[in-house]
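Okay, so here's the structure we're looking at.
Residue numbers begin at 1 in each chain, while the letters A, B, ... track the order of the sequences.
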Amino acid sequence: MAKIINVIKGTKDILPQEIGQWHNLEQKALEIFTSYGYKEIRTPIFEATELFARGVGDTTDIVNKEMYTFEKSDRSLTLRPENTAGVVRSYIENGMSRLSPPVKLWYKGPMFRYERPQAGRQRQFHQVGVELFGIKQPAADAEVILLAVNYLNALGLNDLEVEINSLGCPECREEYKKKIKEVLKPEFDNLCEDCQNRYEKNPLRLLDCKVESCKTIFAKPEIQKVIQSDFICEDCAQHFAELKKYLDKMNVKYTVNKLLVRGLDYYNRTVFEIKSNNLGSQNAVCGGGRYDSLVRNLGGEDTPAVGWAMGMERLNALLPKCELSKLDAYIVSNSSIDALELAEELRKQGFNVEFDLSNKKFTKQLEKASKVAKYAIILGEDEIQKGQVSVKNLDTAVQETIDRKDLRSKLENVKNS
RNA sequence: GCGUCUGUCGUCAAGCGGUUAAGACCUCGGAUUGUGGUUCCGAUAUGCAUGGGUUCGAAUCCCAUCAGACGCCCCA
């Protein structure tokens with residue numbers, strides 16, 4: 001036998017027995033997002049590398065170490081590691097800034113990141129997400145979060161925690177970063193290797209470290225004082241306060257997590273995550289926030305925006321498996337040609353029907369029917385001659401012979417019961 | 001990129017230095033050429049992720065590689 005070729009590390013087949021879950025996610029997404037006025041958009045799976053470098057940010061791990069980048073006729077192309085940059089690109093390119101705001105878009109599809117696979121993390125994974133363009137008011141932030149919560153509820157997920165935070169605007173955030181670096185400077189040598197890296201790259205992330213020695217450092221009063229201080233400027237604070245007001249009004253339960261910092265460079269002001277306790281260490285099912293400068297950074301007009309993405313594999317991990325549905329009927333017959341004819345007729349009437357393609361014995365056909373279908377339609381020589389069929393309920397073993405013309409209504413009754 | 005654990009049939013597995021590599025499920029065939037889901041028989045790994053090594057002898061021990069699970073970093 002020839003050598004087997006395996007799936008690539010960090011990728012997975014989605015098999016027939018799992019597909020029901022995916023259909024469910026996708027159908028509910030269409031339903032709920034549409035009810036909020038969102039339109040689906042499908043952007044290409046690969047884009048110019050520069051889009052992600054400029055969009056996601058070239059200091060991020062995603063861009064620096066995790067992209068699948070390849071060259072083709074002197075162009076550098078990259079498999080999308082996330083879809084906000086692609087949607088923004090399309091928004092700009094297709095002149096959507098001329099549409100009356102808000103412009104609301106949603107998407108679903110595969111994303112690619114070259115990371116070490118683990119629970120809740122693959123190299124090819126799927127996200128659903130929404131992006132809302134053109135509104136700077138906190139009502140937009142609130143609606144977007146509410147949409148996420150409602151989508152999750154519609155899927156049957158209620159046991160989730162919403163965390164929110166405000167990163168401030170570029171101005172007040174710079175101030176904050178400066179203060180953090182200042183107060184930590186004397187401790188720099190005592191920080192773990194990761195934190196020393198983060199000190200320059202992303203001081204905000206420092207505060208989230210899990211290493212014990214770092215935790216003790218961060219617990220010091222003078223450092224806590226800086227962490228806990230409300231660094232954000234008045235405008236940002238007001239925006240955040242209003243957001244909370246909206247969420248309270250809508251009964252969205254949330255906690256403010258001052259250590260919540262999203263790893264993509266484009267976020268400002270509102271950031272949020274929705275977490276589950278049943279997922280292992282990759283516990284965020286949803287992450288998002290406001291990104292008011294991204295459209296401009298990618299060459300469009302100054303356009304405020306908010307959005308989020310959810311990991312579909314992570315959602316599925318929290319949802320019960322769907323049973324594969326059985327066929328309405330399996331035709332048992334020694335005449336393939338008559339069986340085929342009947343099958344086609346029933347399929348056109350909207351029934352799910354199969355029959356034996358390999359001339360198996362009667363008992364084998366019936367055995368097969370009992371495994372895959374709710375009803376067996378027996379089409380033997382007698383029935384063919386008389387223009388009849390025998391319909392057997394495979395659960396109750398009740399069988400009756402009826403005229404072929406009555407078959408449709410018989411099956412319809414069955415389907416509705 | 002780093003760390004820990006794990007790779008025996010399509011699936012779940014027993015075996016832990018000398019076995020004919022158990023068993024179960026699935027699949028296929030028969031008992032049973034017009035009545036299934038029960039039952040009973042039978043078939044299905046010359047091979048234990050791959051490549052080296054140790055040994056008289058390796059699925060079992062050692063090394064490397066690959067893959068998987070989980071964690072770190074980071075992220076959905």
Subject >> Residue from A/Phe33, A/Tyr267, A/Tyr107 passing ring pair (Phe, Tyr, Trp, His ring centres under 6.0 Å) with A/Trp308 >> reply: A/Phe33

**OP:** Only counting residues at least two apart or in another chain, list the ones meeting ring-ring contact (aromatic ring centres under 6.0 Å, His included) with A/Tyr91.
**Re:** A/Phe133

Original post:
Among residues 280-288 of chain A, which contact RNA chain B at a heavy-atom distance under 4.0 Å?
Top reply: A/Gly280, A/Ser281, A/Gln282, A/Ala284, A/Val285, A/Cys286, A/Gly287

**OP:** State the pairing partner of B/C5; accept Watson-Crick or G-U wobble contacts with both distances under 3.5 Å, and report none otherwise.
**Re:** B/G68

Subject >> side chain to side chain contact (heavy atoms under 4.5 Å, CB included) between A/Phe240 and A/Glu242, intermediate numbers included >> reply: CA-CA 5 Å; A/Phe240 194 47; A/Glu242 277 188 52; over 6 Å; no

Original post:
B/A21 and B/A58: how far apart are their P atoms, nearest whole angstrom?
Top reply: 14 Å

Original post:
What residues form a ring-ring contact (aromatic ring centres under 6.0 Å, His included) with A/Tyr266, not counting sequence neighbours?
Top reply: A/Tyr291

Original post:
When we call it a touch if two heavy atoms are under 4.0 Å apart, what does A/Ala397 touch: a base, just sugar-phosphate, or nothing?
Top reply: base

Original post:
Taking only residues two or more places apart in sequence or in another chain, which ones pass ring-ring contact (aromatic ring centres under 6.0 Å, His included) with A/His126?
Top reply: A/Trp22

Subject >> Terminal contacting nucleotides, 5' and 3', RNA chain B versus chain A (heavy atom, 4.0 Å) >> reply: B/G1 to B/A76

Original post:
Mind checking the P distance from B/C26 to B/G51? Whole angstroms is fine.
Top reply: 33 Å

**OP:** Could you give the distance separating B/C2 and B/U44 at their C1' atoms, to the nearest angstrom?
**Re:** 44 Å

Original post:
In whole Å, what separates the P atom of B/G23 from that of B/A14?
Top reply: 15 Å

**OP:** Describe the nucleic acid contact of A/Lys360 in one word from base, sugar-phosphate, nothing, applying a heavy-atom distance below 4.0 Å.
**Re:** sugar-phosphate

Original post:
When we call it a touch if two heavy atoms are under 4.0 Å apart, what does A/Gln365 touch: a base, just sugar-phosphate, or nothing?
Top reply: nothing

Original post:
Taking the C1' atom of each, how far is B/G17 from B/C74, in whole Å?
Top reply: 45 Å

Original post:
Does a donor on one side chain and an acceptor on the other come within less than 3.5 Å for A/Asn257 and A/Asn165?
Top reply: no

Subject >> G-U wobble or Watson-Crick pairing nucleotide for B/C56 (cut-off 3.5 Å, both distances) >> reply: B/G18

**OP:** Provide the Watson-Crick or G-U wobble partner of B/A31, both distances under 3.5 Å; none if there is no partner.
**Re:** B/U39

**OP:** Please lay out, stage by stage, how A/Glu412 and A/Arg408 fare under the test salt bridge (Lys or Arg N to Asp or Glu O under 4.0 Å).
**Re:** CA-CA 6 Å; A/Glu412 262 158 12; A/Arg408 180 176 191 167; 3.3 Å; yes

**OP:** Not counting sequence neighbours, which residues clear side-chain contact (heavy atoms from CB on, under 4.5 Å) with A/Asp61? List them please.
**Re:** A/Lys65, A/Glu66, A/Lys201

**OP:** Pull out every residue in residues 311-340 of chain A that has a heavy atom closer than 4.0 Å to any atom of RNA chain B, ordered by number, or say none.
**Re:** A/Gly311, A/Arg314

Original post:
Nearest heavy-atom pair of A/Leu243 and A/Pro138: which atoms, and what distance?
Top reply: N-CB, 3.9 Å

Original post:
So what does A/Asn6 hit on the nucleic acid, given a heavy-atom distance under 4.0 Å: a base, only sugar-phosphate, or nothing?
Top reply: nothing

**OP:** Give a yes or no answer on whether the side chain of A/Gln349 reaches the backbone of A/Phe351 with a donor-acceptor pair at less than 3.5 Å.
**Re:** no

**OP:** Could you check which nucleotide pairs with B/A45 in any of the strands shown, counting Watson-Crick or G-U wobble with both distances under 3.5 Å?
**Re:** none

**OP:** Compute both the distance and the angle, then confirm whether A/Arg80 meets the cation-pi test with A/Phe52: under 6.0 Å from the six-membered ring centre, within 45 degrees of the axis.
**Re:** no

Original post:
For the atom pair CG (A/Leu155) and CE (A/Met310), what is the distance rounded to the nearest 0.5 Å?
Top reply: 7.5 Å

Subject >> 5' priority, RNA chain B, between A/Lys9 and A/Ile274 [closest heavy atom] >> reply: A/Lys9

Original post:
Hey, does A/Lys368 reach any base, or is it just sugar-phosphate, or nothing, if we go heavy atoms under 4.0 Å?
Top reply: nothing

Subject >> Euclidean distance for P, B/U20 against B/C25 (whole angstrom) >> reply: 25 Å

Original post:
Can you name the ring-ring contact (aromatic ring centres under 6.0 Å, His included) partners of A/Tyr176, sequence neighbours left out?
Top reply: A/Phe231

Original post:
Partners of A/Ser370 by side-chain hydrogen bond (donor to acceptor under 3.5 Å, both in side chains), sequence neighbours excluded?
Top reply: none

Original post:
For A/Asp403, which residues count as a side-chain contact (heavy atoms from CB on, under 4.5 Å) partner, sequence neighbours excluded?
Top reply: A/Gln388, A/Lys405, A/Asp406

Original post:
With a 4.0 Å cut-off on heavy atoms, is A/Glu367 in touch with a base, just the backbone sugar-phosphate, or nothing at all?
Top reply: sugar-phosphate

Original post:
Looking only at atom C1', what distance separates B/C61 and B/U55, rounded to whole Å?
Top reply: 9 Å

Original post:
Hey, does A/Ala119 reach any base, or is it just sugar-phosphate, or nothing, if we go heavy atoms under 4.0 Å?
Top reply: sugar-phosphate

**OP:** With sequence neighbours excluded, tell me which residues meet side-chain hydrogen bond (donor to acceptor under 3.5 Å, both in side chains) with A/Ser336.
**Re:** none

**OP:** For B/C25, give its Watson-Crick or G-U wobble partner with both distances under 3.5 Å, or none.
**Re:** B/G10

**OP:** Could you let me know what B/C75 is paired to, Watson-Crick or G-U wobble, both distances under 3.5 Å, or none if it's on its own?
**Re:** none

Original post:
Mapping A/Glu381 and A/Thr11 to their closest nucleotides on RNA chain B, which lands nearer the 5' end?
Top reply: A/Glu381

Original post:
If we take the P atom in both B/G30 and B/U11, what is their distance in whole Å?
Top reply: 27 Å

Original post:
Quick one, which residues of residues 15-29 of chain A touch RNA chain B with a heavy atom under 4.0 Å?
Top reply: none

